[in-house]
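When a ligand or atom number is given, it counts from 1 through the structure's own listing order.
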Amino acid sequence: MTAVAIDGPAGAGKSTAARAAAKRLGFVYVDTGALYRAVGCHMRALGIPAGDARQVEKALEGLEVSLEFSEGGQHVLLNGRDVTGELRTPEASLAASQFSALPCVRSFLFGLQQQLAERHSVVMDGRDIGTVVLPKAQVKVFLTASPEERARRRFEEMRQKGENAEYQQVLEELQQRDYQDAHRAVAPLKPAEDAVLLDTTGLSLQEVVERLVALVNEKLK
Ligand code: DC
């Protein structure tokens, strides 16, 4: 099996580029952010605050999270219910960032991510894939772009979906998440020592995908 780990901050274009690269390579694309989003939404729905690790741990006991893959992409199931359509809201982003700081949430999702990489060749994106989840990944990439560029992309994406968004607010939320993700005690967002840094500011999606595919082909030669 081959594993490609793609980490980086919110809005760097990880998921779109990783999905396209996986398709080109014939690998399974795994969006680990969706797992944290699903758990975050579940805790929010139960009214559990992110500060209460004991209650979170209890709620995780009876929870089953699984992934299914289809032509249309990845689906996240919570206790058998497909919650994929509920995960891309600003509330889900914030909940994911808050609850993902808890060690019990990270260890809860750790095994599932590792199992997927044992069974399939994967392109897996997240924050700690190259550093913690798949430290032996054959290819590790840290994708970045300036905060302004990342906020602009998010803002355009939301506008295209007909959502009401303000650029300044998108930028502030993104910077808040960057800070939370990079400063948590467990598995903070940072490049693995052996990761290739790829700044996507000014690059088109096509160019990013080409670079990813070239990096993988180079490694597998
Ligand atoms: O990639 P994303 O925006 O869907 O991720 C949502 C949040 O989940 C992100 O702010 C931090 C957390 N996350 C994480 O801690 N570790 C991962 N491997 C993926 C996401």
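In this structure, of Arg106, Arg177, Arg37, the residue bringing a heavy atom nearest to atom 16 (N) of ligand 1 is Arg106. Comparing Leu174, Val133, Val105, Thr32 by heavy-atom distance to atom 18 (N) of ligand 1, the nearest is Thr32.
Under a 4.0 Å N-O distance rule, the pair Arg88/Glu163 does not qualify as a salt bridge. A salt bridge does not link Arg177 with Glu173: none of the charged nitrogens is closer than 4.0 Å to a carboxylate oxygen. Ion pairing of Glu193 with Lys140 is absent here, as no side-chain N (NZ or NE/NH1/NH2) approaches a carboxylate O to less than 4.0 Å. Salt bridge status for Glu149 with Arg152: present, with a side-chain N to carboxylate O gap under 4.0 Å.
Protein heavy atom closest to atom 12 (C) of ligand 1, with residue, atom name and distance, is Ser100 OG, 3.5 Å. The shortest contact between atom 1 (O) of ligand 1 and any protein heavy atom is with Arg127 NH1, 2.9 Å.
For ligand 1 and Gly126, the ligand atoms under 4.0 Å from any heavy atom of the residue are 17 (C), 18 (N), 19 (C). Near Asp181, meaning under 4.0 Å from one of its heavy atoms, ligand 1 places the atoms 9 (C), 10 (O), 11 (C). Residue Ala96 approaches ligand 1 through these ligand atoms, each under 4.0 Å from one of its heavy atoms: 6 (C), 7 (C), 8 (O).
Checked against a 3.5 angstrom limit, the closest N/O atoms of Asp31 and ligand 1 fall outside it. The shortest N or O to N or O distance between Asp128 and ligand 1 is below 3.5 Å.
Listed here is the closest heavy atom pair of Leu102 and Ala53: CD2-CB, 4.3 Å.
The closest side-chain heavy-atom distance from Thr32 to Met124 is below 4.5 Å.
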